Amino acid sequence: MDREKKYLPCNIFLIGFMGCGKSTVSRALHDICDAPVIEMDEVLVKREKMSIPDIFSSKGEAYFRRIETNLLTEMQEGKASIVSCGGGVPMRPENVAEMQKSGKIVLLTALPETILNRVKNDDNRPLLKGRKTVQGIEELMEQRRGKYQKAADITVSTDDKSAEQIAGEILELL
Ligand code: S3P
């Protein structure tokens, strides 16, 4: 039987390192909340008609970061959504400011070992090329930790939890 879905008063932006579970948790939130999911990477891939690795190699990372910022800015209009952000989004202060204007920012965390396990067979993340070791992941995580934490309204760890459990925790904390 269909449960009545929860009303979402503002956007929820899921941020965090690659493989921390943003996409999976956004779908679990969508099962509970009456709000669409916006998967930023997917939107950009459709717009550019190119995979993420191809955008990075043919147009460069700086180009990718610009179209990512443009997409976030567009999101200020329209129905409240669950936004699964690319892992690099909180690195730019202007992106954080955009997200703060229209919603709550939720940081998902996971241990480097958990991340490695989730991304080890994935070739769609150019920044993990040559970095698929606990140490390689830890180093990049360390570089990003401060900005992730500064951006976050709430933080939820994802190790050894189901997506439903994480979604429940997020809604309780918000
Ligand atoms: C990136 C994360 C990726 C994607 C791109 C860059 C990053 O998204 O946007 O490869 O800089 O952390 P996911 O976090 O969804 O893997």
Side-chain angles (χ1 to χ4, degrees), residues 11-30 36-75 81-99 103-152 154-159 161 163 166-167 170:
N11 288 323
I12 294 183
F13 295 97
L14 296 177
I15 63 164
F17 201 80
M18 295 166 268
C20 70
K22 291 163 292 191
S23 304
T24 314
V25 172
S26 63
R27 287 192 294 273
L29 280 169
H30 173 71
V37 173
I38 299 176
E39 186 68 52
M40 287 189 67
D41 284 349
E42 253 175 39
V43 175
L44 297 177
V45 163
K46 267 195 201 132
R47 280 189 183 175
E48 296 294 311
K49 301 187 181 63
M50 238 185 259
S51 69
I52 303 271
D54 286 346
I55 302 175
F56 269 68
S57 64
S58 70
K59 301 195 166 175
E61 180 172 350
Y63 174 83
F64 178 76
R65 298 304 175 195
R66 277 201 302 278
I67 58 174
E68 209 173 38
T69 298
N70 292 343
L71 175 58
L72 263 186
T73 312
E74 286 168 33
M75 247 172 246
S81 304
I82 301 152
V83 185
S84 174
C85 295
V89 165
M91 294 304 104
R92 283 187 157 190
E94 64 264 45
N95 291 348
V96 177
E98 279 303 327
M99 294 191 281
K104 295 283 178 196
I105 305 179
V106 178
L107 171 61
L108 300 181
T109 63
L111 293 169
E113 290 79 2
T114 310
I115 300 279
L116 179 61
N117 209 23
R118 292 178 186 159
V119 302
K120 61 180 183 237
N121 297 319
D122 178 279
D123 287 326
N124 212 27
R125 293 177 166 113
L127 296 185
L128 287 181
K129 215 168 161 210
R131 230 183 236 285
K132 285 194 196 147
T133 59
V134 168
Q135 199 195 341
I137 289 171
E138 230 165 18
E139 277 168 12
L140 186 54
M141 245 184 194
E142 202 44 53
Q143 288 170 26
R144 292 183 164 192
R145 195 183 314 276
K147 286 196 171 144
Y148 282 163
Q149 287 175 346
K150 191 158 177 263
I154 62 163
T155 302
V156 175
S157 79
T158 65
D159 300 285
K161 289 181 194 161
I166 299 161
I170 292 172

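Note that ligands are numbered from 1 as they come in the structure, with each ligand's atoms numbered from 1 the same way. For clarity, every value in this text was computed on a predicted model and none was experimentally measured. FYI, the numbering just counts along the sequence from 1.
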* To do: Give a yes or no answer on whether the side chain of Arg92 reaches the backbone of Thr69 with a donor-acceptor pair at less than 3.5 Å.
  => no

* **Lys120 bridged to Glu113 by N-O distance under 4.0 Å** => no

* To do: Give a yes or no answer on whether the side chain of Asn95 reaches the backbone of Val89 with a donor-acceptor pair at less than 3.5 Å.
  => yes

* Could you give me the CA-CA distance, side-chain angles and deciding distance for Ser23 and Glu39, then say whether side-chain hydrogen bond (donor to acceptor under 3.5 Å, both in side chains) is met? => CA-CA 7 Å; Ser23 304; Glu39 186 68 52; 2.9 Å; yes

* salt bridge (Lys or Arg N to Asp or Glu O under 4.0 Å) evaluation trace for Lys59 with Glu48 -> CA-CA 10 Å; Lys59 301 195 166 175; Glu48 296 294 311; 3.1 Å; yes

Enumerate the pairs of nitrogen or oxygen atoms, one from ligand 1 and one from the protein, separated by less than 3.5 angstrom; state names and distance to 0.1 Å.
unit_1, atom_1, unit_2, atom_2, d
ligand 1, 8 (O), Asp41, OD2, 2.7
ligand 1, 9 (O), Asp41, OD1, 2.8
ligand 1, 9 (O), Asp41, OD2, 3.2
ligand 1, 11 (O), Arg65, NH2, 2.7
ligand 1, 11 (O), Gly88, N, 3.4
ligand 1, 11 (O), Arg144, NH2, 2.8
ligand 1, 12 (O), Gly88, N, 3.3
ligand 1, 12 (O), Arg144, NH1, 2.6
ligand 1, 12 (O), Arg144, NH2, 3.4
ligand 1, 14 (O), Lys22, NZ, 2.5
ligand 1, 14 (O), Gly87, N, 2.9
ligand 1, 15 (O), Asp41, OD2, 3.3
ligand 1, 16 (O), Arg125, NE, 2.6
ligand 1, 16 (O), Arg125, NH2, 3.2

* Start with the C-alpha distance between Lys22 and Ser26, add both sets of side-chain angles, then the distance that settles side-chain hydrogen bond (donor to acceptor under 3.5 Å, both in side chains), and finish with yes or no. => CA-CA 6 Å; Lys22 291 163 292 191; Ser26 63; over 6 Å; no

